[in-house]
S.K.: 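One structure follows; several queries about it will come next.
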Amino acid sequence: MSKFIAKPVRKLLCKLKIPGDKSISHRSIMLGSLANGITEIRGFLQGEDSLATLKAFQKMGVNIKQDSDKIIIQGVGLHGLKQPNSPLDLGNSGTSMRLMSGILAAQSFDSELIGDISLSKRPMSRVIDPLTDMGAVIESNDGKLPLKIKGSHPLKGINYNLPVASAQVKSCILLAGLYAQGETCVSQPKTTRDHTERMLKGLGYSVRVMNNKICLSGDGGLRAAKIQVPSDISSAAFFMVAACIAPQSDIILKDININPTRTGVIDILQLMGAKLTLINEREISGELLADIRVQSSQLRGIHIPVELVPLAIDEFPAIFIAASCAQGETILTGAKELRVKESDRIQVMADGLDILGIENEVSEDGIKIQGGIFQKPSNIIESHHDHRISMSFAVASLRCEYTIEINGVDNVKTSFPNFVELANFAGMNIVEV
Ligand code: S3P
């Protein structure tokens, strides 16, 4: 089990190129494999999660060549996947698991999906239930992994109201809907990331979006295209918070995806008083990009608007560090989903903040954090093998007066394999041992 040893520094000055967006990288492999023709991807995230998706499609007979962040896929069409000869191991990746179950439920062959200890604890009924309504046959361990998906059960379209605002569940149903007879519609209680809808449209599939209701009909086809993956705003978020809280900083984050369904972290930090500006906004491969300048900022506590929660769902561990350095209290509500991520991110962050002497109070669906200074009751943080917890506490080191240690950081490579290298390039002092 590896750990970070992070020493305090005060100054961050740099221009950074953050690796590719994880959500878009997953979808580019899935849809590129199901398209007709050759898909060329640039900027692919070489993290363990998106590579788990890549390997799973290779195991299903798709010819995928990788040369660092360049990928070439010989698409097999919607009906060209082959039965894998062993269970598909999707590691730590909830996105692979939930989206692929939608695709696999519609195939003519049986398949089995497994994952690591964390993924094996996460709820899968949220995809099993709607897929079963569509006609799929899936065995699970009481709503958890492994999923045994039976082939040759034709699907029919459904009209589904998502009980939770989840892009993974929405995407699972839409991907199953590509194969279903008739129309499939998904209504979401709040806006969630729309990369699936955008990429389907980019590959020539007709998707009808009416506010928070998304519909498509089965039996179309996908046309291969070139896909440029922008830099991941969820990874960039660690550096946004880092630059805000380090007393002398001025950084630029290049080519960041600013899809409006992902920019909650920008809105929240700006509401807290962050000096954060977008430069050079542009559109590439159907996604919006910008460079983001962030300078040292005196942050203040806020009540986080509840409609921003799904738009910043992966960034809360980093936002909690910003709240710890803000003047006054920050209140988060309506974020129960954080409890079923790679770890229970409300409790695990609260435990880490306790260790650093930051007053906080957890509730079922959120947390209150009283901004303060990191003191030293102890300096050892447990990340519970959650990549985003590990990176968030590494960022907290910027405002500590002492070295901190973060245990169990191995999974940082699921989403941000060169985090330590970039953090040190930016001026931080982190060693992985
Ligand atoms: C993702 C959706 C979100 C997010 C995850 C990636 C996606 O999950 O937390 O990291 O790519 O669709 P939920 O849909 O479960 O909120």
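The figures here come from the full heavy-atom set of this structure, side chains too, leaving out hydrogens, waters and symmetry mates. Every number for a ligand or one of its atoms is a count from 1 in the order of the listing.
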S.K.: Just go through Arg98, Lys341, Arg27, Lys170 and tell me whose heavy atom is the nearest to atom 7 (C) of ligand 1.
M.R.: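 Result: the heavy atom closest to atom 7 (C) of ligand 1 is in Arg27.
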S.K.: Any side-chain heavy atom of Ile304 sitting closer than 4.5 Å to one from Thr330?
M.R.: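 They are in contact (side-chain heavy atoms under 4.5 Å apart), so the answer is yes.
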S.K.: Flag Ile313 as yes when one of its N or O atoms lies below 3.5 Å from any N or O atom of ligand 1, and as no otherwise.
M.R.: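 No; every N/O pair is 3.5 Å or more apart.
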S.K.: Strictly below 4.0 Å, N to O, side chains only: are Asp69 and Arg42 in salt-bridge contact?
M.R.: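 Salt bridge absent between Asp69 and Arg42.
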S.K.: I'd like to know if Asp314 pairs up with Arg262 as an ion pair, taking the criterion as any Lys NZ or Arg NE/NH1/NH2 lying under 4.0 Å from an Asp or Glu carboxylate oxygen.
M.R.: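 Salt bridge flag = no for Arg262 with Asp314.
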S.K.: May I ask you to decide whether Arg282 forms a salt bridge with Asp255, counting only side-chain N to carboxylate O separations under 4.0 Å?
M.R.: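 Salt bridge flag = yes for Asp255 with Arg282.
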S.K.: Regarding atom 6 (C) of ligand 1: of the candidates Thr95, Val169, Asp21, which has the closest heavy atom?
M.R.: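 Looking at heavy atoms only, Thr95 sits closest to atom 6 (C) of ligand 1.
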S.K.: Which protein heavy atom lies closest to atom 9 (O) of ligand 1, and at what distance to 0.1 Å?
M.R.: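 Closest protein heavy atom to atom 9 (O) of ligand 1: Asp314 OD1, 2.6 Å.
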S.K.: Could you tell me whether Asp194 and Lys201 have a side-chain N and a carboxylate O separated by less than 4.0 Å?
M.R.: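 Salt bridge flag = no for Lys201 with Asp194.
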S.K.: For ligand 1, is any non-hydrogen atom under 4.0 Å from Arg193's backbone (N, CA, C, O), its side chain (CB onward), both, or neither?
M.R.: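 Just the side chain.
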S.K.: Using distance alone, with no hydrogens and no angle criterion, decide if Thr191 and Asn212 have a side-chain donor and acceptor under 3.5 Å apart.
M.R.: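 Yes, because at least one side-chain N or O of Thr191 sits under 3.5 Å from a partner of the opposite role on Asn212.
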S.K.: With a cut-off of 4.0 Å, which atoms of ligand 1 are near a heavy atom of Ser23?
M.R.: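 Counting atoms of ligand 1 from 1, those under 4.0 Å from Ser23 are 6 (C), 7 (C), 11 (O).
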S.K.: Give the numbers and elements of all ligand 1 atoms closer than 4.0 Å to a heavy atom of Ser166.
M.R.: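 Those atoms are 13 (P), 14 (O), 15 (O).
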S.K.: Under 3.5 Å between some N or O of ligand 1 and some N or O of Arg388?
M.R.: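 No.
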